[in-house]
Number of protein chains: 2
Amino acid sequence: MRRSAAQLRVLDAALDLIAEHGVSGTSLQMIADRIGVTKAAVYHQFKTKEAIVIALTERELGWLEEALEAAEAEPNHTAGRELLLTRVVELAVERRRMVSVLQFDPVIIRMLAQHEPFGVFIDRLYTAMLGEETGDRARVHAAMLSGVISVAVMHPLVADIDDALLRNELLRTMRRIVALPG
Amino acid sequence: MRRSAAQLRVLDAALDLIAEHGVSGTSLQMIADRIGVTKAAVYHQFKTKEAIVIALTERELGWLEEALEAAEAEPNHTAGRELLLTRVVELAVERRRMVSVLQFDPVIIRMLAQHEPFGVFIDRLYTAMLGEETGDRARVHAAMLSGVISVAVMHPLVADIDDALLRNELLRTMRRIVALPG
DNA sequence: GTCTATAGAATGATAGAC
DNA sequence: GTCTATCATTCTATAGAC
């Protein structure tokens, strides 16, 4: 999706505010104030508040999609999985603020579950991350993986921790959970 | 804190709704409707919406406090830590719905950080969970622990997973993270 | 403990001028 | 692309009767 400069300004402001207050805690007035325009100007870029949230989610999942495609293209399965996990951790550390929103905001969770293309993508992602593992235990592992990543990256305890240390500890722990060598 | 029956009805309804919509996404009207009274009746029990959120948080942290005191009373440190982790996992599995609210709702996160007694308690809890570990790496481990627990328990992927399996996998993974035998 | 009624502010959203 | 002005609705919160 090609977006205008004005649209990108809205999305950036919305991301900031939503990361801090959640979707329900962020109003269009707050977004408008942050950019320095009126509500009407924001509504000219996106028809509804939901459209902003969808555009935001699409943009963030886009990074993950690139990583997923690279991993699926890798002929060696284990290598592909290793690649994906590494990239997911890197992305999560890089874009810390968005992680909590995507994983835990009740409005976004609802949206991911109801909006068809999102659900398909999430399934594909978890399948690739788990490799040959299947069944109930695999699902618990997948949930734990996503938990380790998201929380390790957003928790107040680690707010001032060096990116490199965070990345390393995360990767080590993830490898232990999914039993990859490392 | 001793609560009347009417107050408990408010807290139970609020917990349900907040687990589903978040704090900002839950209005006093929704709470009143769920109980079958008017807003004014709810306001008679709690002066503000924030007071409801605080009372809710206190009630849930109360369970953890009992577990923490039992662990601190244990003369053998490793045994105390083992006891605490086990109890925390049990509680999280039992009370799945509240976990996501306590850990990830932006309003509650703010409150836990600003409300003095809450911050003190959280520090005490993490210290006990980590045992002799200290420094940056310990903080990353603490964050990952809380992530594994909370997400493993609330993730859509595990919504229909048996409590016993969830508890076991969680405990095994946590032991690997904090390097406890088991 | 619950009600009706209301105040006052904020919400999402739209119409129409520039 | 942005503005002013406005609408209907919802929000938190309070006053006062039963």
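It should be emphasised that the depicted structure is a prediction, and the values quoted were computed from it without experimental measurement. Just so it is clear: chains get the letters A, B, ... in the order the sequence lines come, proteins before strands, and each one is counted from 1.
The number of heavy-atom neighbours closer than 6.0 Å to CZ of B:Arg124, taken from other residues, nucleotides and ligands shown, is above 12. Residue B:Arg110 places its CZ atom among more than 12 non-hydrogen atoms of other residues, nucleotides or ligands, all under 6.0 Å distant. The neighbour count for B:Glu50 CD, taken as heavy atoms of other residues, nucleotides or ligands under 6.0 Å away, does not exceed 12.
Residue B:Phe46 contributes atom CZ, which lies 16 Å from atom C1' of C:dT2 at whole-angstrom precision. Remark: C1' of D:dC11 and NE2 of B:His21 are 16 Å apart, rounded to the nearest angstrom. When rounded to the nearest whole Å, the span between CD1 of B:Ile31 and P of D:dC11 equals 11 Å. If you measure from atom CE of B:Met30 to atom C1' of D:dT12, you get 15 Å, rounded to the nearest angstrom.
Of all heavy-atom pairs between A:Arg96 and A:Asp162, the closest is NH2-C, 4.5 Å.
The side chain of A:Gln29 places no N or O atom within less than 4.0 Å of a non-bridging phosphate oxygen (OP1 or OP2) of C:dA9. Between C:dT11 and A:Ser27, a contact under 4.0 Å exists linking OP1 or OP2 to a side-chain N or O. For B:Gln7 and C:dG1, the shortest distance from a side-chain N or O to OP1 or OP2 is not below 4.0 Å. Contact between the side-chain N/O atoms of B:Ser4 and the OP1/OP2 oxygens of C:dG1 is found at a separation under 4.0 Å.
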Hey, what are the protein-to-nucleotides 13-18 of chain D N/O distances that come in under 3.5 Å?
residue: D:dA13; atom: OP2; partner: B:Tyr43; partner atom: OH; Å: 3.2
residue: D:dA13; atom: OP2; partner: B:Lys49; partner atom: N; Å: 3.0
residue: D:dA13; atom: N6; partner: B:Lys39; partner atom: NZ; Å: 3.3

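Along DNA chain C, the nucleotide closest to B:Arg9 and the one closest to A:Thr26 are compared, and the more 5′ of them pairs with B:Arg9.
Of the residues A:Asp105, A:Leu15, A:Leu17, A:Val107, the one that meets the side-chain contact (heavy atoms from CB on, under 4.5 Å) test with A:Thr26 is A:Leu17.
Across all strands shown, A:Thr38 has heavy atoms under 4.0 Å from base atoms, whether or not it also approaches the sugar-phosphate.
Note on B:Asp12 versus B:Arg34: no salt bridge recorded, every NZ/NE/NH1/NH2 to OD/OE distance being 4.0 Å or above.
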